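For reference, the structure is listed below as structure tokens.
Remember, it's a predicted structure, so these values are computed and weren't measured experimentally. The chains referred to below are lettered A, B, ... by the order of the sequence lines, with proteins before strands, and numbering in each begins at 1. Heavy-atom basis, side chains included; hydrogens, waters and symmetry copies ignored.
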Protein chains: 2
Amino acid sequence: MEPECGLALSARKVEYLKFIFETGGTVRTSEIASAFNVDPSTITKTLAELAAAEYIRHVPYHGVCLTKTGEQHAEFLVKRHRILSLMLVRNGLLPRDACNEASRFESQVTKKAVDRICHFMGHPRQSACGEITHDEDCLERGRGTQS
Amino acid sequence: MEPECGLALSARKVEYLKFIFETGGTVRTSEIASAFNVDPSTITKTLAELAAAEYIRHVPYHGVCLTKTGEQHAEFLVKRHRILSLMLVRNGLLPRDACNEASRFESQVTKKAVDRICHFMGHPRQSACGEITHDEDCLERGRGTQS
DNA sequence: CTTGTTTTTTGGAGTATCCCCAATTTTAAA
DNA sequence: TTTAAAATTGGGGATACTCCAAAAAACAAG
């Protein structure tokens, strides 16, 4: 695994991908556009990039859905957000603020770091903004493995 | 105080400003360029922007030094880095990794959040990467003040 | 005090990531 | 089948980075 694993997507793309994941199924351009208050044409362009990277399948004029890869990655993105939010809450922030701060910086935090924080916190199931599910990687990591 | 206080500078500018602060006195373009492994012309341009924002004074062909504002801000930047690094160490990361992760995302963390984390951690004097000094704002914040 | 080396700056250009508007295309409902 | 809504395309702009080549300034040595 590359050391910078988890930094492939920009902050904005992370937000869009999480939104698609959480909405579920086929998501329309207009849904994303209004959720983030940006012009639909901006969404179309970003979706094209996410599709090129094979995170989503885009049927023009109909909407997008996650690929298998996209879904796995989105699971990580959501977990990362929740682990970081929880860490902030456990370090003195209000849930709402924790969530906002995390959204701003989470795209810059590696998977390795998230797994270690997760392990340190005892693989919690509940965050400030939703449930946390744990993958194999995460459950293994953190004890002796400094890689 | 604006809610987004602390987000004025890009990640790169934060790094440059911290470097100028930590080097101290008058810093030359070439010093910054070699420290970050970028072309000197890139530094000249960024310094022009930092000078326009009045964080530094730039005497062409001679170097830059911090303004009063720049120095105060740099103190905050260094403290933010150290508080976040320390939080990561206290949440399971190795000091080196904590420092690297923090450098990547710190530019997106508000002063408000830093003050609360700092308060929560008991205004520590020592981080993974240096001493921490505390300002008035920080010592006041966090108890009841949710602003 | 002038030549030659080093440092810095200027000007030009490219990439990436955002964003919006206007016009066109497609879909879907009346 | 006409028409309104949704989506896309094409064009353009902003910010934040980056580098290279050429000009300018500084400085040291002779």
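As rounded to whole Å, 15 Å separates atom P of D:dA14 from atom CD of B:E49. Spacing between atom CD of A:E15 and atom P of C:dT17 amounts to 16 Å, rounded to whole angstrom units. Note: NZ (A:K45) to P (D:dG12) measures 12 Å, nearest angstrom. Atom CG of A:D39 and atom C1' of D:dT9 are 12 Å apart (whole Å). Across the protein-nucleic acid pair, A:L47 atom CG and C:dC19 atom C1' stand 15 Å apart, rounded to whole Å. One atom, CD1 of A:I32, and another, C1' of C:dC19, lie 16 Å apart when rounded to the nearest Å. Between the CG atom of A:N37 and the P atom of C:dC21 there is a distance of 12 Å, rounded to whole Å. Between the CG atom of B:L9 and the P atom of D:dC17 there is a distance of 9 Å, rounded to whole Å.
Here A:F36 lies out of heavy-atom contact (under 4.0 Å) with every strand. Among the protein residues, B:T42 comes within range of the nucleic acid bases, having at least one heavy atom under 4.0 Å from a base atom. Residue contacts for A:P60: at a heavy-atom cut-off of 4.0 Å it reaches the sugar-phosphate backbone alone, with no base atom in range. Counting any heavy atom pair closer than 4.0 Å across all strands shown, A:S10 reaches sugar-phosphate atoms only and no base atom. As judged by a 4.0 angstrom heavy-atom cut-off over every strand, B:A33 is placed among residues making no nucleic acid contact. Contact annotation for A:S41: base contact, defined as any heavy-atom pair under 4.0 Å involving a base atom.
OP1 and OP2 of D:dA6 both lie 4.0 Å or more from every side-chain N or O belonging to A:R28. Distances shorter than 4.0 Å separate none of the side-chain N or O atoms of A:H62 from OP1 or OP2 on C:dT26. Dashed line: the shortest gap from a side-chain N or O of A:H58 to OP1 or OP2 of D:dT8 is under 4.0 Å. Listed pair A:T44 / D:dT9 fails the phosphate criterion, with no side-chain N or O lying under 4.0 Å from OP1 or OP2.
Salt bridge annotation for A:K68-A:E71: absent, with no cationic side-chain nitrogen under 4.0 angstrom from a carboxylate oxygen. Under 4.0 Å is where a charged nitrogen must lie from a carboxylate oxygen, and between B:E101 and B:R104 at least one such pair does. Salt-bridge check for A:E49 with A:R12: failed, with every basic side-chain N at 4.0 Å or more from each acidic carboxylate O.
Partner A:R82 forms a side-chain contact (heavy atoms from CB on, under 4.5 Å) with one of A:C118, A:C99, A:C129, A:P124 and no other, that one being A:C129.
The hydrophobic cluster containing A:L77 also contains A:V64, counting ILVMFWY residues as joined when their side-chain heavy atoms lie under 4.5 angstrom apart, directly or transitively.
When each of A:Y16 and B:Y61 is assigned the nucleotide of DNA chain C bearing its nearest heavy atom, the one mapping closer to the 5' terminus is B:Y61.
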